[in-house]
Structures are given as structure tokens and as C-alpha cells.
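Note sheet for the following structure.
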Amino acid sequence: FLGGGGESNCKLNTTHTAKSIFKGYMQDPRNTDNAWMETEVKHYHDEDGMFSNRTLMECRDDVNAEVAWITIHSDMLPRMYAEHGAILRRVAIEKKALL
């Protein structure tokens, strides 16, 4: 899914276990010497379609409420912000998914 928000603002509505893909510093054009982006990316694999009709997240504010499941295609990866495309490519390779 795509969405914004920190741990303190949103909670994912699932009991499924996620695999941590990446955690730490992320290259981002907004980074400075005094402030930078850190993130944690978790992979929830939904082979049986259980997530498709669920509310994905409960968020405490409107900024973080825009979350949706999407289908990723290879032509989308280069246009993604910061290192998001590279992270999704890593998951696709690991899962032997076609992009």
C-alpha cells in the first residue's frame, strides 16, 4: 500500500505478520545536515486477496489518511519519490514478481 504517516499517527488494520524490508536513513531531496528522513518499510504479502476490501489504516489526522492498495508496474518505479522505486523493485525480485 502507499501512504504517509509515522507510527504514532496511524495503525495498520491487520493481524498478518509483515517482513521488514528496510529501516533507516533514506535518500531524500529534503534532507539537510541537520534534518533527514528515516523510514521503515514492511512488506505484507497478500496472495489470497484478504486485504483488498479492508480499511487499511486508522489514522489520527487527515494528512495520513490517504492510503490505498495499488498495482505496481515497472514504468512507475523511476517516477517514484526518493528511493521508493528501488525498495519496491527489491521486494519484486525477492518474490519473483513480474514488473
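Numbering starts at 1 and runs along the sequence shown.
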N/O donor-acceptor pairs under 3.5 Å from side chains in residues 79-88, not counting sequence neighbours:
| from | atom 1 | to | atom 2 | distance (Å) |
| --- | --- | --- | --- | --- |
| R79 | NH1 | D75 | O | 3.2 |
| Y81 | OH | R30 | NE | 3.4 |
| E83 | OE2 | Q27 | N | 2.6 |
| H84 | ND1 | Y81 | O | 3.0 |

(request) Please round to the nearest 0.5 Å and tell me the distance separating atom NZ of K19 and atom CD of E94. (result) 3.0 Å
(request) Walk me through it: do T39 and F22 pass the test side-chain contact (heavy atoms from CB on, under 4.5 Å)? (result) CA-CA 8 Å; T39 191; F22 176 84; 4.0 Å; yes
(request) Of all the heavy-atom pairs spanning S20 and E40, show the shortest one and how long it is. (result) OG-OE2, 3.5 Å
(message) Is there a continuous path of hydrophobic side-chain contacts, each under 4.5 Å between heavy atoms, that joins M26 to L77?
(response) no
(request) To the nearest 0.5 Å, tell me how far N31 CG sits from E38 CD. (result) 9.5 Å
